[in-house]
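Here the structure is laid out as structure tokens; the discussion comes afterwards.
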Amino acid sequence: SDNLKATDEKDRHAHSEFQKHLDELTKRNHDLEHKLTVEEAVKSELIKKNDQLSTEVERLKAADEKQHQSLSEVKESSQKHAEELMKKNDQLSTEVQKLSDNLKATEERDRHAHSELETNQKHLDELTKRNHDLEHKLTAEETVKTE
């Protein structure tokens, strides 16, 4: 009887430890899913910003067309505008590079998060099987105890 009580206590302790670990894995999964959602939103914002920059380039090109009224104005305006466009192009190139780098980093984090999710799922599957085995063992021991 004392042996069965000790075994029952061990089983309850093992089940409690398993539940704690399962809760931790569930929380980690939730955190990773949230992180992935945030990163998807960031990626969407980066794409939107890239579209806005493209629109701005088109606007600058249209403004350039309107500035050519006379030959002297064309020369002066063209020089100024060429400098503005080069500066804007440098800014756009920098922004596009940042967007590209951010997208690569986001994709790498996505891959890493997916890998962690798979690892957590494997651990969850192992713990679920272990829990099932412990419950089966406990049921069998309770059956022996009642007999």
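- By the side chain to side chain donor-acceptor pair (under 3.5 Å) test, Glu45 pairs with no residue at all, sequence neighbours left out.
- In this structure His21 satisfies the side chain to side chain donor-acceptor pair (under 3.5 Å) test with no other residue, sequence neighbours excluded.
- Side-chain contact check for Glu95 and Gln91: no donor-acceptor pair (N or O, by modelled atom type) lies under 3.5 Å.
- A search for side chain to side chain donor-acceptor pair (under 3.5 Å) contacts involving Glu58 returns nothing, not counting sequence neighbours.
- Proximity of a side-chain donor or acceptor of Ser78 to a complementary backbone N or O of Lys75 within less than 3.5 Å is not detected.
- In terms of the salt bridge (Lys or Arg N to Asp or Glu O under 4.0 Å) criterion, Lys98 has no residue partners (sequence neighbours excluded).
- Other residues sharing a hydrophobic cluster with Leu53 under the 4.5 Å side-chain heavy-atom criterion for ILVMFWY residues are Val57, Leu92.
- Side-chain atoms of Ser44 do not come within 3.5 Å of backbone N or O of Glu40 as any donor-acceptor pair.
- Every residue two or more places apart in sequence or in another chain was checked for a salt bridge (Lys or Arg N to Asp or Glu O under 4.0 Å) with Glu118, and none qualifies.
- Applying the salt bridge (Lys or Arg N to Asp or Glu O under 4.0 Å) criterion to Lys80, with sequence neighbours excluded, gives Glu76.
- Grouped by direct or indirect side-chain proximity (heavy atoms under 4.5 Å, Ile/Leu/Val/Met/Phe/Trp/Tyr only), Leu25 sits with Phe18, Leu22, Leu124, Leu127.
- Between Asn102 and Val42 the shortest side-chain heavy-atom distance does not fall below 4.5 Å.
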### Message
Between Leu138 and Thr7, is the side-chain contact (heavy atoms from CB on, under 4.5 Å) condition met? List the steps.
### Response
CA-CA 9 Å; Leu138 184 60; Thr7 301; over 6 Å; no
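- A salt bridge links Arg59 and Glu56; the closest N-O separation between the charged side-chain nitrogens and carboxylate oxygens is under 4.0 Å.
- The residues Glu108 and Arg111 are annotated as salt-bridged, a charged nitrogen and a carboxylate oxygen being separated by less than 4.0 angstrom.
- Summarising the geometry, atom OG1 belonging to Thr26 is positioned 9.0 Å from atom CG belonging to Asn120; distances are rounded to the nearest 0.5 Å.
- Ser100 contributes atom OG, which lies 10.0 Å from atom CG of Asn50 (distance to the nearest 0.5 angstrom).
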Listing, residues 8-15 side-chain donor-acceptor contacts under 3.5 Å, not counting sequence neighbours, or none:
from, atom 1, to, atom 2, distance (Å)
Asp8, OD2, Lys145, NZ, 3.1
His15, ND1, Asn131, OD1, 2.8

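- Listed by chain and residue number, nothing satisfies the side chain to side chain donor-acceptor pair (under 3.5 Å) test with Asp51 (two or more places apart in sequence, or in another chain).
- Counting only residues at least two apart or in different chains, salt bridge (Lys or Arg N to Asp or Glu O under 4.0 Å) contacts with residues 22-36 comprise Lys27-Asp31, Arg28-Glu116.
- If you take NZ on Lys49 and OG on Ser54, they are separated by 11.5 Å, rounding to the nearest 0.5 Å.
- Membership of an apolar cluster is not assigned to Leu36, as no side-chain contact below 4.5 Å to another ILVMFWY residue is traced.
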